[in-house]
Amino acid sequence: MDLGRRDLLLSAAAVVAGSSTVARAATDRPLGYAIVGLGTYGLGVIIPQFANCTHSRLAAVVSGDAAKAKRVAAEHGLPDRSVYSYATFDSIRDNPDVDIVYVCLPNSMHVEYTVRAARAGKHVMCEKPMAVSVAECETMIAACKAAGRKLMIGYRCHFEPFNLEAMRLARTGAAGKIRYVRSEHGFVQRDPSVWRLKRALAGGGSLMDMGIYSLQAARYMTGEEPVAVTARESTDRRDPRFTEVEDIIEWTLEFPSGAIAGCQSMYSANQNHVLLMGDQGRIELEPATRYDGNHMWLGKDGREREIMPPPGSGKTQFAGQLDHLAQCVRSGAEPIVSGEEGLRDMRIIAAIYRSAREGRTIRLDGRA
Ligand code: NAD
């Protein structure tokens with residue numbers, strides 16, 4: 001992505017983050033979201049966030065567990081006709097309360113539910129990773145385009161005040177010219193039976209789940225697209241958790257400016273860190289991309305000081321994300337993290353895996 005577009009995105013995100021101050025037109029009723037998948041994220045994190053939204057509301061739930069769906073609907077005052085199973089999902093087309101479908105399912109199910117939602121005439125918010133392959137991402141983009149519907153990826157960090165401030169500082173040269181980025185994300189995955197460790201459902205291991213934060217940070221902090229990647233995987237295949245997917249994976253991205261990003265993800269330690277090293281200072285975030293409690297420092301001239309996002313940064317990152325798509329649907333604008341952005345990441349992820357497998361640098365700019 002070129003710098004001009006990045007800066008545009010940054011200012012759009014800043015507007016979104018502060019949009020609680022923007023008066024809502026009388027006709028601007030909050031748009032209705034259907035949450036597909038009432039798991040840890042859909043039910044535990046996203047649904048409570050509608051309380052912080054201005055332009056979005058919960059309008060329906062879709063779940064394989066009828067009793068859970070009914071209970072959640074009742075708790076949120078939804079009528080019975082706004083409760084769907086995976087089998088009845090397509091009839092959501094007849095529900096005028098639903099404008100947007102939010103796919104919070106295991107990664108390999110994202111393509112199916114995005115395509116079905118688009119065919120039902122709904123706009124789509126899809127969780128990260130967008131899908132499990134480049135081809136699936138392309139299918140999702142094509143389906144939404146054919147239906148004339150928006151597609152956005154749940155890249156909440158583009159609405160997170162510390163990350164927005166770090167991007168602004170990096171762009172305005174607070175640390176000089178950014179020469180090197182480090183980003184590590186991981187957590188201890190203890191249960192060998194979870195879908196995240198099954199290739200068919202997850203599409204990969206820590207890279208698909210947490211590594212995408214490291215990759216995203218390297219891209220949105222530098223505002224550049226990598227031209228080459230070199231990766232190395234370290235997985236103990238005797239560990240029952242890692243018979244199908246990777247544990248530790250490290251990769252180096254080379255950017256056109258000469259900046260380098262050393263990224264990593266793992267399922268065997270907790271880490272959440274982004275460091276931007278410039279020729280005049282450093283910007284560090286740790287934790288960097290959590291739901292809350294992130295911290296940031298600027299090191300310069302031999303001193304280190306804590307940086308807070310500007311006052312009035314507004315909504316939570318989740319509400320900012322949910323309202324952004326609603327506002328894009330209203331205005332016709334493209335989401336700042338559209339399907340194309342998810343596809344860009346998936347192309348790089350495919351190259352990271354290929355580089356680790358083949359033990360060589362993979363060019364991303366078409367050069368030999
Ligand atoms: P989860 O396991 O807690 O929930 C998954 C949901 O999918 C459950 O309701 C489950 O019943 C349903 N499901 C349907 N078919 C299933 C199947 N065959 N196997 C397993 N579950 C099935 O997972 P989660 O943590 O809520 O993750 C869901 C999606 O959200 C993933 O794509 C994940 O990457 C993403 N996510 C994003 C963030 C973020 O910060 N943006 C955080 C967590 C998860």
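Indexing begins at 1, ligand by ligand and atom by atom, following the structure's order.
No side-chain N or O of E286 forms a donor-acceptor pair with one of N272 less than 3.5 Å apart. No side-chain donor-acceptor contact under 3.5 Å links D90 and Y84. Neither side chain, E340 nor S338, offers a donor N or O lying under 3.5 Å from an acceptor on the other. A donor and an acceptor atom, one from each side chain of S234 and D247, are nowhere located under 3.5 Å apart.
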Would T289 and E160 count as a side chain to side chain donor-acceptor pair (under 3.5 Å) if you check the C-alpha gap in whole Å, the side-chain angles of each, and the deciding distance to 0.1 Å?
CA-CA 8 Å; T289 62; E160 199 280 325; over 6 Å; no

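Summary of contacts: the protein heavy atom closest to atom 28 (C) of ligand 1 is C104 O, 3.4 Å. Considering only non-hydrogen protein atoms, atom 30 (O) of ligand 1 sits nearest to E127 CG, 3.3 Å. The closest protein non-hydrogen atom to atom 40 (O) of ligand 1 is R156 NE, 2.7 Å. Considering only non-hydrogen protein atoms, atom 18 (N) of ligand 1 sits nearest to L201 CD2, 3.9 Å. The protein non-hydrogen atom at the shortest distance from atom 3 (O) of ligand 1 is T40 OG1, 2.5 Å. Of all protein heavy atoms, the one lying nearest to atom 21 (N) of ligand 1 is P106 CG, 3.4 Å.
Across Y86, Y291, Y155, Y213, heavy-atom proximity to atom 39 (C) of ligand 1 is greatest for Y213. Of the options V194, N107, I212, the smallest heavy-atom separation from atom 32 (O) of ligand 1 is shown by N107. Comparing W195, Y102, Y41 by heavy-atom distance to atom 23 (O) of ligand 1, the nearest is W195. Comparing K128, R196, H110 against atom 44 (C) of ligand 1, the shortest heavy-atom distance belongs to R196. With distances taken over non-hydrogen atoms, the option nearest atom 4 (O) of ligand 1 out of A200, P129, G39, S108 is G39.
Ligand 1 places these atoms under 4.0 Å from at least one heavy atom of G154: 41 (N).
At a distance under 4.0 Å, a protein heavy atom can be found next to atom 9 (O) of ligand 1.
Between Y86 and Y113, the ring planes are perpendicular. Angles over 60° get that label, and only those under 30° would be called parallel. By the 30° and 60° cut-offs, the orientation of the rings of Y102 relative to Y33 is tilted.
Considering backbone and side-chain atoms together, M109 places no N or O closer than 3.5 Å to any N or O of ligand 1. The shortest N or O to N or O distance between L105 and ligand 1 is below 3.5 Å.
Screening H185, K128, H158 for a side chain to side chain donor-acceptor pair (under 3.5 Å) with Q216, the sole residue that qualifies is H158.
Ring centroid separation for the pair H324 and F159 comes in under the 6.0 Å cut-off.
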